[in-house]
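Computation of the quantities below employed the complete heavy-atom set of this structure, encompassing side-chain atoms and omitting hydrogens, waters and symmetry-equivalent molecules. Quick caveat: nothing in here was measured; it's all calculated off a predicted structure.
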Amino acid sequence: MIPSSPSHLEVSFNSPKKKKSSPVDVVLGNDDFVSEILLHLPVKNVLKLKLISKRWLSIISHPSFSIRHTYLNPHTISGLLLNVAFHFKKPSSYLYVSIDGKSVLDVSSDFLRFDPDKPGSTYVSQSCNGLLLCSKRMRYSAERTKPTYYYVFNPTTRQFVELTLPSGDGIRSNRIQLVFDPSKSPYYKVLCIHYFKSLLEIHVYSSETRIWKLSLKQENFDSSSVNLNNGVFWNGAIHWISRMGNGFCFLLDKESLQAMPSPPLPESWEASNFRYFGESGGQLHFIGLLTGEQKPDIIAMGVNASPEMPDDKTTSSSSSNIDSQYIVVYAMEKGCSKWFVKYYLDVNAIVIAYPEITDRDPSVSPCFVSGSIYVSSFIEENDEEGPLLVINMPGEIISYSFKHKAFKKLFSFHPCTHYSCYALKFTETLSLV
């Protein structure tokens, strides 16, 4: 028997051993595990992690990942994209304002210059769950025509697709409508509504098939009673409503039109009382400005969403020409059977919080009366602030939280009668276009 030598022991102890992989290495080395982790991260974080490696970039860039991430993550509204247009000044400018009002950013012209092959200003007409519907009008060409191009654009991923609109049957007027519900389908649809005199056509484009289909053709259609510009997607249908509360909807699955009930508006209601029509949090909303005589029996309904005001403040505001007026939020029942009052806000509360809007004589500048207080947006599903009313008034964009009964200034600008402003809800998404 040969005794073990020190050298033999040294060789034995120093022989290479197979390195054990840590649990972290095992997880990160498995594409399925990495994908499952990334699927539960916010969009911003996912986009940053693209830079980790080519392998992670490949995982995140795969269409199936985008589809699953869009389906699994709720589409919360992170901010508002404001279009501020001063008359006689073109093009209009865009601003990004966060919901909490802490961030106000000028949107650079490069933000909407996603198609460098076609110069010209880009106009954003609609936002739907993270996708934007845009149009671009070219400068005058040699033939002195001004062609318009239409796009679906994802500002988060910078992906876009150009749409070639279908030709109508001799119909000149058209309206475009974007439809996208990621909780139901990863594909979006675009409606092109042609109408001329009494003829209506509705063509539907599907991002799944990439083709247009004529879904409806109806004669003897009266387009004067409803504004076809303000279509709102809710509950599987596009809804249109007039300032007087008359409306109808187009059912996408059945490809048919259906009447829609009118809100319980008072007999003295006028078109100038209308303030907003939109969808949020899975509900359809109609918002109007009602006087004290028009106000529904809110107390009997158990609705109490306006801030309490001291008697002396209420009395002092009576000279502001905004006495006894209320912004009333109507919501539609899920079965589209009837409207009900969900929230209200005493306009005097706005005057008390922002007295500068009555500093001028209303007879000299009608810009400072209640008629110039508009609702830019209504957000139902905001967890932190609760239901949020975004109000556009002279020189100010403010929000009112029905949860906290408090106002917050989002953005200030020089008050001017010659301007217009509307707000688009901004959501980050990895949805494919």
Going by atom types alone, do Asn392 and Tyr374 pair a side-chain donor with an acceptor below 3.5 Å?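 Their side chains do not contain a donor-acceptor pair, so the 3.5 Å distance test is not met.
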State, without any angle test, whether His285 and Glu380 hold a side-chain donor-acceptor pair at a distance under 3.5 Å. yes
Can you label the angle between the [X] ring and the [Y] ring as parallel, tilted or perpendicular, going by 30° and 60°?
X      : Y      : answer
Tyr96  : Phe426 : perpendicular
Phe407 : Tyr354 : perpendicular
Phe274 : Phe286 : tilted

Taking the six-membered ring of [Y], is NZ or CZ of [X] closer than 6.0 Å to its centre and within 45° of its axis?
X      : Y      : result
Lys342 : Phe402 : no
Lys136 : Tyr149 : no
Arg158 : Phe111 : yes

Side-chain heavy atoms of [X] within contact of [Y], under 4.5 Å:
X      : Y      : answer
Lys408 : Leu388 : no
Glu255 : Lys213 : yes
Leu163 : Val152 : yes
Glu36  : Arg68  : yes
Gln283 : Lys334 : no

Less than 6.0 Å separating the ring centroids of Phe221 and Tyr195? no
For atom CG of Asp253, decide whether the heavy atoms of other residues, nucleotides or ligands shown that lie under 6.0 angstrom number more than 12. no
Show the numbers, then the answer: is there a ring pair (Phe, Tyr, Trp, His ring centres under 6.0 Å) between Tyr151 and Phe114? CA-CA 10 Å; Tyr151 302 88; Phe114 48 82; 5.1 Å; yes
